[in-house]
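Step one of this worksheet: look at the structure below.
Indexing begins at 1, ligand by ligand and atom by atom, following the structure's order. Residue numbers count from 1 along this sequence.
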Amino acid sequence: MSGLTALISGVCGQDGTALAAFLLRKGYRVYGLARWEPEAAEARLPSYLLQHDCFSFLSGDVTDGLFLARLIDRLAPDEIYNLAAMSHVAESFETPMATAQINGLGVLNWLEALRLHDAGAAVRFYQASSSELFGDAPAPQSEATPFRPCSPYATAKLFAYWSVVNYREAYGLFASNGILFNHESPARSPDFVTSKIVQGAIRVLSGRGAEPLRLGNLDACRDWGHAADYVRGMWMILRHDRADDFVLGTGRTHSVRAFAEAVFAELGVRLLWQGEGAREIARDAVSGRVLIAVDPALFRPVDVPCLQADAAKAAAQLGWRPEKTFSDLVRDMVRAAQVSAEGGQECVSNVYVQAA
Ligand code: F7E
């Protein structure tokens, strides 16, 4: 047993549930924080966590700094993982103020609470920074690449990133940024393109939905890894002998179009692309049926063109390397979605968190 106590904000999300399960297996006492009321949180948390003796759920909001200060006082955590965020890049263009409050000032609330606490410097603080910080900076991107954020989501995360660095340098806080590239899993919400494609492909091919799957920018390239590798990386960043900032990613990049091809191939269908831009479609190469259509309403005001990690620093200093490949990710997501489509969602999320 580690005997350590961790506090995870944003515990109901993909990373929060997987990290909580990972730390519980390491013998941590885990407090999971989210803005949901307990009944709503219970609906989002896998029973593996809810039934675990060393896991407790807490309702609360990172925009309330005094609440965070009292929480640190009461729980005396050894580690804080700040995963709470408005995480939808497209939506951030519609809600820039709320995004700045949660993704920017929310982080400052944690840092101030730690600075003002007698034991704050002994608490290890992890900030979920993002490859979105790089925006349209040329790939591959490492810790040395200048940031070029392209959305209200990313500009708020930029403020948070530099606040972490500033509080580390100014006040000696053990505060680290994990600059994580896209990471997905069977628990990913269909608000994100990978899960939308997986669930959409199963729906379209089942014949239940006659409508093709509608997607936005097919040319965007992302460095997609498996979330299980990334929650392990978060923990490795906080167990490092000093606070620092690390890029975590696979080093490989694929377009949205290539991700769709891989998903349909996993389901036994070869796609045939036709047309360009807003008129592009993908047909089943055998039947000719239209399976995917571009919907310009899904284009973002500005999109990040290509993300590809150079995670050499994490490999050299933490010994972190992703264990799961792109093919593993696609297969895991497709299999889980097939089980879920047959009514086994709770089973899927429990299997997923326990495997993380
Ligand atoms: O979009 C394009 C879209 O929403 C990926 C978050 O976890 O990772 C995530 O941010 C790409 C973009 O993720 C659709 O335009 C095309 O180019 O899956 P996404 P994201 O924006 O990269 C980073 C690292 C984070 O930090 C974020 O919190 O796919 N795309 N068609 C689409 N995207 C969506 N969502 N839906 C579409 O229909």
Side-chain angles (χ1 to χ4, degrees), residues 10 13-16 18 82-95 99 102-104 106-107 127-137 139 141 147 149-158 160-161 177-185 187-201 203-204 211-227 229-231 233-234 247-250 253-261 263 277-278 280-282 292-309 311 329 333:
Q14 165 191 263
D15 291 359
N82 183 47
L83 312 186
M86 205 303 282
S87 57
H88 304 115
V89 175
E91 194 184 320
S92 77
F93 287 97
E94 306 298 326
T95 60
T99 302
I102 299 164
N103 296 9
V107 181
Q127 165 57 12
S129 283
S130 161
S131 55
E132 282 293 302
L133 294 175
F134 295 117
D136 61 5
Q141 296 96 358
F147 297 131
C150 289
S151 64
Y153 169 88
T155 53
K157 284 274 180 182
L158 188 74
Y161 173 92
N177 284 294
I179 309 171
L180 270 50
F181 282 61
N182 297 54
H183 46 284
E184 320 290 311
S185 74
R188 190 63 146 158
S189 146
D191 293 334
F192 300 96
V193 76
T194 53
S195 186
K196 180 176 174 181
I197 291 172
V198 169
Q199 294 190 22
R203 176 184 57 77
V204 171
E211 284 292 303
L213 167 62
R214 301 203 168 272
L215 295 172
N217 180 7
L218 298 172
D219 294 320
C221 290
R222 292 290 182 274
D223 180 332
W224 279 297
H226 199 300
D229 282 323
Y230 293 67
V231 297
M234 293 175 192
V247 157
L248 301 185
T250 70
T253 192
H254 297 84
S255 65
V256 171
R257 191 183 289 98
F259 192 90
E261 280 170 10
V263 168
E280 189 165 355
I281 56 167
I292 298 176
V294 166
D295 181 351
L298 296 168
F299 291 159
R300 297 175 183 181
V302 186
D303 205 355
V304 170
C306 182
L307 294 172
Q308 181 181 12
L329 173 65
M333 290 184 77

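Among protein heavy atoms, atom 8 (O) of ligand 1 sits closest to Asn182 ND2, 3.1 Å. Summary of contacts: the protein heavy atom closest to atom 10 (O) of ligand 1 is Val89 CG2, 3.7 Å. What sits closest to atom 1 (O) of ligand 1 on the protein, heavy atoms only, is Arg300 NH2, 3.3 Å. Shortest contact from atom 15 (O) of ligand 1 to any protein heavy atom: Asp303 OD2, 2.6 Å.
The shortest separation from a heavy atom of Arg188 to ligand 1 is under 4.0 Å, placing the residue in contact. Put simply, part of Tyr153 is less than 4.0 Å from ligand 1, judged by heavy atoms.
Val193 approaches Val256 most closely through the heavy-atom pair CG2-CG1, 3.9 Å.
Residue Val193 has at least one nitrogen or oxygen atom sitting less than 3.5 Å from a nitrogen or oxygen atom of ligand 1, judged on distance alone. Checked against a 3.5 angstrom limit, the closest N/O atoms of His88 and ligand 1 fall outside it. Residue-to-ligand polar distances keep Trp224 apart from ligand 1: every N/O pair is separated by 3.5 Å or more.
Contact annotation for Lys157 and ligand 1: no heavy atom of the residue comes within less than 4.0 Å of the ligand. Under 4.0 Å from ligand 1, not a single heavy atom of Leu218 appears.
Phe147 and Tyr161 have perpendicular rings, their planes meeting at more than 60° on a 0 to 90° scale where under 30° would count as parallel.
Ligand 1 places these atoms under 4.0 Å from at least one heavy atom of Ala220: 17 (O). Of all atoms in ligand 1, numbered sequentially from 1 with element shown, those under 4.0 Å from a heavy atom of Ser87 are 6 (C), 27 (C), 28 (O). With ligand atoms numbered from 1 in the order given, ligand 1 contributes 22 (O), 23 (C) to contacts under 4.0 Å with heavy atoms of Glu132. Those atoms of ligand 1 with a heavy atom of Ser131 less than 4.0 angstrom away are 24 (C). Atoms of ligand 1 lying under 4.0 Å from any heavy atom of Ser130, numbered from 1 in the order shown and given with element: 23 (C), 24 (C), 25 (C), 26 (O). Close approach of ligand 1 to Gly216 (heavy-atom distance below 4.0 Å) involves ligand atoms 14 (C), 16 (C), 31 (N), 38 (O). Residue-ligand proximity, Val256 to ligand 1, at heavy-atom distances under 4.0 Å covers atoms 2 (C), 29 (O). Contact atoms of ligand 1 toward Lys196: 37 (C), 38 (O) (distance under 4.0 Å to a heavy atom of the residue).
Between the side chain of Lys157 and the main chain of Ala128, a donor-acceptor pair closer than 3.5 Å is present. One N or O on the side chain of Asp223 and one on the backbone of Ala309 form a donor-acceptor pair closer than 3.5 Å.
The only member of Thr253, Leu329, Thr250, Leu307 that meets side-chain contact (heavy atoms from CB on, under 4.5 Å) when paired with Trp224 is Leu329.
Checking Asp191, Leu307, Asn103 against atom 35 (N) of ligand 1, the nearest heavy atom belongs to Asp191.
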